[in-house]
Amino acid sequence: MQVIIDNWPALMRAFGVTLQLLGMGALGSIVLGNLVALLRISPVASLRWIATLYTEIVRNTPLTLVFFFFAIVLPTLQIRFDYLLGAGIALSIYTSPFIAEALRSGINGVPIGQAEAARSLGLSFGQTVTSIVFPQAIRMVVAPLINVIIALTKNTSVAAGFYVVELVAESKVLANAHGDQVINILVAVACLYLVITIPLGQLAGVVERKVAVIR
Amino acid sequence: MSASVLYDAPGPKTRARSRLISYISFTVIVGAFVWLIVALALPRTTVNGVVLTGVFSPERWEFALDVQFWRRLLIDGLLMGTLRVAALAAVLAVLIGVAFSFGRTARSVVIRVPVAIILELFRGMPVLLMMLFILLVMRTNGYWAAVWALAVYNGAIIGEALRSGIAALPRGQREAGLSLGLTPFKTRMLIEFPQAFRQMLPIIVAQLVVLLKDTSLAYIVAYPEILRISQQLRDFYGSTTVSFSLFTIVLVIYLAVNLALSAFARWLARRPASASSISQADAHAIDLVATGADVVTDEDKNPFGDGRR
C-alpha cells in the first residue's frame, strides 16, 4: 500500500495521460465516425463504397498495428509526431469505424415509415437525415456508443507499448522498481480503469432507459 | 430500413451530379494515393545527411525472395505464435464463457452475485493489464500470460452473450422442461443451453475474431507473435531499409486472416438454418460485436431491443 501512496502523484499524472488519450480518441473518432456513417448512407454510390472499404480495412486491423504504424513505421519515413498525439490519432482512426457502425445500425433501426413520411412531406435527403432519421438513430444507439467509448478506454492501454507513459506503462515502471508489491500496484491501476469504465457503463444504462425509443 | 428510402430514385440531373461527385472523389483519392506512392518512392535525406532510397526500391524488398524469411514469418510468427495463442485462448474462452453464464444465472444468490461482480471486473479492465498481471504475479511466460488474459476477458464477454441468449428464450421452454419432471439443472443443460448456444453462435464467432485481433497485444509483453517476429526480422535485415515493407506484409496477412474469419461469422449468421432464430436486429448486434464493442450490457436482459422480453 505504501508504494501507491508514495507514488500517488506519478499515478495521477499517468491517469491524466490516460484521460487525455481517452479525450483525443473519443473526440477524433466521433468526428470521423459521423463522417463515415454519413458517407455510408449517402445517395452517391462511390462515397458509400469508399466508406465501406475504410470500415472493413480499419476494423480488421489490430490496434497494435495502427500504433506500430504511427510510432515505428512513420518515423523511419522521416515523418514524426509527438508520441502522445500519434497515439491519439491512432486511437481515433481505430475507433472511428466502430462509432460509424453503431450509428449506421441505429439508422437502419429507424422504421421505414419515418423516412417515407419525411419524404412524402417533400423533405430532401439532407433534411430527412438531419431532422428525422438521425435524431432518432442517436437515441437508439446511445448505449452501444457508450460501450464503444468504454472499449476505447481499455484500448488506451495499448499506448503503453509505444512510448506513452499512461497508466499501464506507469504500472510497469512501478512494478519493476517494487518487485515485492506488484499485486498492489496492478490492482490499484485496475481500480483507476474501473473508475472510468464502471460509471460509463452505469451511464449507458441510465441514458438508455431515459432516451431509448421503445418499439 | 434500406438506405434507398432516404432519397428518390435518381433522375437525370441527380445522376449527373452523383457522377460528378464520384469523379471528383475518385480523382482526390487516386491523387492522394499517387502522391503517397511518389512521396514514398522518392529518395530522402535524413537529418544526418544520409540519403535513403525510396521505399519501393528493390533492395528494400529483396528479402521477400528469401524462403527463410517466409518460414520465420508464417510458421514461427503466424502459425506458432499468433494462431497458437488464439486457438487455445478461443477454446478456453468458450469454456469460461459457459461457466460464467451458468454462474450468472444460478438460482442461489451466493453464486450469482459474486460471479456478476467478477464478470464486471473482467470486462472493465484492459486485456493488456491482465496480461501484465498474469506475467508478473503468476511468474509465467508471455505465452501463458497472453492465453489466459485473452481467455478470461473474452470468456467474460461470451458468458454475457450466452446469458442474454438464455434470457431471450421463450419462457415456455423452461416451463415445459420443468413440467416434464426435469430438474432445473437438467432443464438448463438439455433444453435452454443448447438453444442459447446455437442462437449466440455467430456472436461467439465474432468475438473470437476480436480475440484473434487482440493476440497482437502479446507483442507488448514480448511474446513472439507475428508482429514481434516481424520486428526481429526487421533488425535482421536492416531496420531502416525494410521496416515499411515488413509492415505492409504483416498488415496484409492480418487483413487476410481477419477478413476470412469475419466472413465466416457473417456466413454463420446468414445461414438458412439459423435464419429463423436470428432476427435482423440480431444481425446488427453481431455486426456490433464484430466491431469490438460489447453490445451486451448488464442492465439489458435482451440487448437486441427486438421486443422479446
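So you know, we letter chains A, B, ... as the sequences are listed, proteins then strands, and number each from 1. Please read these numbers as outputs of a predicted model, since none were measured by experiment.
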Aromatic plane relationship, B:Tyr219 with A:Phe162 - under 30° parallel, 30 to 60° tilted, over 60° perpendicular: parallel
Chain B contact via A:Ala175 - which portion, at a heavy-atom distance below 4.5 Å: side chain
Where A:Lys154 and B:Met125 come nearest, the two heavy atoms and their spacing: CD-O, 3.5 Å
Gap separating the CG atom of B:Leu136 from the CG atom of A:Leu186, nearest 0.5 angstrom: 6.0 Å
Under 3.5 Å: donor-acceptor pair, side chain of A:Thr197, backbone of B:Gly124: yes
Minimum heavy-atom distance B:Ser18-A:Val44, with the two atoms named: O-CG1, 3.6 Å
Under 4.5 Å from any heavy atom of chain B - which part of A:Thr64: both
For the student: nearest non-hydrogen atoms of B:Ile220 and A:Lys172, plus distance: O-NZ, 3.7 Å
Gap separating the OG1 atom of B:Thr14 from the CZ atom of A:Phe125, nearest 0.5 angstrom: 12.5 Å
Min side-chain heavy-atom separation A:Ser46-B:Phe26 under 4.5 Å: no
Over all atoms of both residues, closest heavy-atom pair of B:Asn258 and A:Pro62: ND2-CD, 4.3 Å
Under 4.5 Å from a heavy atom of chain B, the part of A:Leu65 involved: both
Interatomic distance, A:Phe68 atom CZ to B:Leu246 atom CG [nearest 0.5 angstrom]: 8.0 Å
Any A:Phe69 side-chain heavy atom under 4.5 Å of B:Leu251 side chain: no
Beyond-backbone contact of B:Leu129 with A:Tyr193, side-chain heavy atoms, under 4.5 angstrom: yes
A:Ser157, part contacting chain B, at a heavy-atom distance under 4.5 Å: both
Winner by heavy-atom pair count (cut-off under 4.5 Å) against chain B, out of A:Leu200, A:Val158, A:Val182: A:Val158
Residue B:Ile29 versus chain A: region with a heavy atom under 4.5 Å: side chain
Heavy-atom side-chain contact between A:Asn60 and B:Ser262 under 4.5 Å: yes
Interchain contact, B:Leu217 with chain A, by part (heavy-atom threshold 4.5 Å): both
Chain B contact via A:Ile57 - which portion, at a heavy-atom distance below 4.5 Å: both
Inter-residue atom distance B:Lys213.NZ - A:Leu63.CG, 0.5 Å rounding: 8.0 Å
Reported OG-to-CG distance for the pair B:Ser22 and A:Leu47, which is rounded to 0.5 angstrom: 6.5 Å
Structural part of A:Val129 lying under 4.5 Å from a heavy atom of chain B: side chain
Heavy-atom check, side chain of A:Ser171 versus side chain of B:Leu132, under 4.5 Å: yes
Contact check, side chains of A:Ile72 and B:Gln231, non-hydrogen atoms, under 4.5 Å: yes
